[in-house]
Amino acid sequence: MSLPDDAVARLLGERLGPDNRIADPQIVGSWRRCLEQYRLDPEGAHPRPRLSAAELKALREPLDELLNQPVPALTRLRRSAFEAGYNLLLTDAQGVVVASYQDADANPELARKGMAPGSVWTEALVGTNGLGTCLATGQPITVYAGEHFDAGLHPFSCSTAPLFAGDGSLLGAIDISTYAQGSKVRQQLALGLVQQTADELEALLFRRHHADALLVAVSARGPVAEPTALLALDEGGRVRGLTTALLRLLSFHQRGSLLGMPVSELLGVGIEPLLASRPESPCPLGLCHWQAWRLAPAFRAIPVVNTSREPDPLAQAAGEDPGLLRQAAICRRMVDRGISILIQGETGTGKEVWARALHNSSARRDKPFVTLNCAAIPESLIESELFGYGAGSFTGALRGGKVGKIAASSGGTLFLDEIGDMPLALQTRLLRVLAEQEVTPVGELRPVPVELNVICATHRELTGLVAEGRFREDLYYRISALKVALPPLRERQDRRALIQRLLAELADGTVPSLGAEVEQRLLGYAWPGNIRQLKSVLQYALAMADEETVGPEHLPDEVTGPGLAPSREEEARPPLAAVREQQERQLLLDTLEQHQWIITRAAEALGISRATLHRKINRHGLVSPNKGGR
């Protein structure tokens, strides 16, 4: 029996309900294996076997160097998991739990579900679950609520990352589990936390395994204190091994094909200039830093090379978020190939910052970067701003005419922000300009040749506007050969590092530290205004704080105001999830009231579809004062 993906998704949808859209191919693929390969019954019970103490002792040996000595990364994860109400599990490559750190008083049901040393969590026995599916695919994953194949696991959410040994073989997995509350997207922070810990543990094992090799640490943002993207080279400069973090940074999926490859092919710099600290050519992948060192027997790093180049604009824009770093790697390959780029994201996510980074990474970096916000200019003025006009074209025109944004950007980059707000008539003219590479100013008859490179951005869903007839379909395909999706701040995995970086940029002189409570509030806040709002909050805090530490009293009311703490009914939920749910509810309510509960207008203001807004209204139990919306 072989089921198509849509049939598996339909079966999943029946389990999760009509309002859920199954889009995660890892979950669909796992369910397919459960049904076709393992012949499991989704309505049946799937008991988890338990190994004896003697059997477990033998299985623990490959992980002894992590379990029998203090490991800072594992200690930090244990502390963070405990504080957030999660249970922490460590398994071997066969899915057997070799270590369990859980608070049975806080999560008694989790403790009863067999999450104890010796329990077996393979996909073939239990069905789709965080540990088993992670080990089956070798990829990090969150399995949330009804996505579990076993109905008995529906109350839980499990975020798991694979752990690799120093030689690149699968060693096991790290998992943190809690009660499923809110939505799956709320678990991105948990998934990022276990992935970061797995990277740090793998880097530790990698250094020890390749103690006699030349190690190269690669970073997209300059030197880092504890690098995890590591490369091991032999004396001839060929690849002996590389960590998962480096594979992810370079957008490779298989490490086996890279073994034996000259470092010059992988990083674009040969072994001789690397050791001599004199790179002969820029790295084609856009990486801006590398370090090389030999490791002494006591695992103490002895610097040999520390070579830096000019910062990479796209890497700086991406920060340390893995998804953005992957998009940056793709953009580097596309930026000078004449491919149109559409940047999508909520208001305040940094779309113009990303557009400038694309421009500064291109061969046009020394040419003009010209911007036009299509939503900020009255419709009557957009045409003259974009196309320019000749002398005396209309009453009030400048005597000598005006050069439009298109002509001003010739040879450089034209950034059209909020392209979804461009009037239909101008969309037609813009499409013609893009096709013919010439522009005719208002009031003129003779076209002017231009060398046009356009980057567009929007917070709207353009495919929906196309379906409604409000955006030209041919223009949409013309401007969106490559789509870059910028995640909202609440979903970024590098929020802590981003906050520290912005704090350092905004501070005038000495950078104050953030108190533990302040950091927790900033990390747990939903940030409806995204990075733009974060900057404003940090500027406010810096202005208010005279001490060396920023305290809660230095934050604006929007971050510390009433209603952000979990209610009595929510105390059993993870604190961050409860806070975010409350913030989303309040944001929805404020926006709906501002637009008199007119659903279309409220959805546009929030940057989401009407269907999504209706689902959120129902989930939060919001009721219109006039018993309905339009």
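For reference, positions follow the sequence shown, starting with 1.
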- Message: For Leu258 and Leu242: C-alpha separation, side-chain torsions, deciding distance, then whether side-chain contact (heavy atoms from CB on, under 4.5 Å) applies.
- Response: CA-CA 9 Å; Leu258 305 176; Leu242 64 170; 3.7 Å; yes
- Task: Decide yes or no on side-chain contact (heavy atoms from CB on, under 4.5 Å) for Thr91 and Trp121, but give the supporting numbers first.
- Result: CA-CA 9 Å; Thr91 76; Trp121 287 86; 5.8 Å; no
- Query: Please walk me through it: do Asp92 and Leu171 pass side-chain contact (heavy atoms from CB on, under 4.5 Å)?
  - Reply: CA-CA 6 Å; Asp92 71 351; Leu171 185 62; over 6 Å; no
- Using the side-chain contact (heavy atoms from CB on, under 4.5 Å) rule, take Phe149 and Cys34 through it: C-alpha gap first, then chi angles, then the decisive distance, then the call. CA-CA 8 Å; Phe149 195 84; Cys34 293; 3.5 Å; yes
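Under a 3.5 Å cut-off, the side chain of Gln37 and the backbone N or O of Arg33 do not form any donor-acceptor pair. Of the possible polar contacts, one joining the Thr243 side chain to the Thr228 backbone as a donor-acceptor pair under 3.5 Å is found. Judged by distance alone, the side chain of Arg495 and the main-chain N or O of Gly524 form no donor-acceptor pair under 3.5 Å. Trp31 contributes a side-chain N or O that, together with a main-chain N or O of Glu147, makes up a donor-acceptor pair within less than 3.5 Å. Side chain of Ser30 to main chain of Gln26: no donor-acceptor pair is present (N/O by atom type, distance under 3.5 Å, no hydrogens or angles). Distance alone, capped at 3.5 Å, places no donor-acceptor pair between the Gln195 side chain and the Pro140 backbone. For the pair Thr133 (side chain) and Asn129 (backbone), a donor-acceptor distance under 3.5 Å is present. Remark: side-chain polar atoms of Asn530 are not paired, donor with acceptor, to backbone N or O of Gly348 under 3.5 angstrom. Within the 3.5 Å criterion, the main-chain N or O of Leu498 finds no donor-acceptor partner in the side chain of Asp494. Under the 3.5 Å distance criterion, the side-chain polar atoms of Arg50 are left unmatched by any main-chain donor or acceptor of Gly118.
The two residues Arg521 and Pro552 come nearest to each other via the heavy atoms NE-CB, 4.4 Å. Heavy-atom minimum distance, Leu191 versus Thr160: CD1-O, 3.7 Å. Across all their heavy atoms, Phe164 and Leu205 have their closest contact at O-CD1, 4.0 Å. Arg501 approaches Gln316 most closely through the heavy-atom pair NH1-O, 3.0 Å. Gly515 and Thr549 get closest at one heavy-atom pair: N-CG2, 3.6 Å. Gly551 and Val518 get closest at one heavy-atom pair: C-CG2, 3.1 Å.
The existence of a salt bridge linking Glu346 and Arg532 is excluded, since no basic side-chain nitrogen approaches an acidic carboxylate oxygen closer than 4.0 Å. Using a 4.0 Å cut-off between charged nitrogen and carboxylate oxygen, Asp312 and Arg332 count as a salt-bridge pair.
Donor-acceptor pairing under 3.5 Å is lacking for the side chains of Gln493 and Glu320. Remark: the Thr128 side chain and the Glu123 side chain contain no N/O donor-acceptor pair separated by less than 3.5 Å. For the residue pair Glu55/Ser52, the side-chain donor-acceptor check at 3.5 Å is satisfied. No side-chain donor from either of Asp199 and Thr197 sits under 3.5 Å from a side-chain acceptor of the other. The closest side-chain donor-acceptor pair between Thr178 and Ser157, if any, does not fall under 3.5 angstrom.
Under the 4.5 Å side-chain criterion, counting only non-hydrogen atoms from C-beta, Val71 is in contact with Leu204. Residues Leu135 and Thr122 fail the side-chain proximity criterion, which asks for heavy atoms closer than 4.5 Å. In this structure the side chain of Thr349 never reaches within 4.5 angstrom of the side chain of Ile531, judged on heavy atoms. Within the 4.5 Å cutoff, no side-chain heavy atoms of Gln139 are placed close to those of Pro162. Within the 4.5 Å cutoff, side-chain heavy atoms of Arg76 are placed close to those of Glu200. Side chains of Leu131 and Val126 form no contact here, defined as non-hydrogen atoms less than 4.5 Å apart. At least one side-chain heavy atom of Leu88 sits less than 4.5 Å from a side-chain heavy atom of Ile174. A heavy-atom distance below 4.5 Å is found between the side chains of Leu163 and Leu66.
Taken to the nearest 0.5 Å, the CG atom of Asp167 stands 10.5 Å off from the CG atom of Leu259. Rounded to the nearest 0.5 Å, atoms CD1 (Ile330) and CG (Leu325) are 11.5 Å apart. Here Leu522 contributes atom CG and Gln500 contributes atom CD; the two are 9.5 Å apart, rounded to the nearest 0.5 Å. Between Ile141 atom CD1 and Asp175 atom CG the span is 11.0 Å, to the nearest 0.5 Å. Expressed to the nearest 0.5 Å, how far CD of Gln539 lies from CG of Leu534 amounts to 10.0 Å. Note: Asn87 CG to Tyr101 OH = 12.5 Å, rounded to the nearest 0.5 Å.
Applying the salt bridge (Lys or Arg N to Asp or Glu O under 4.0 Å) test between Glu202 and each of Arg207, Arg208, Arg255 identifies Arg255 as the sole match.
Using cut-offs of 30° and 60° for the angle between ring planes, the Trp527 and Tyr525 rings count as perpendicular.
Dense packing is recorded around CZ of Arg240, with more than 12 heavy atoms of other residues, nucleotides or ligands lying under 6.0 Å away.
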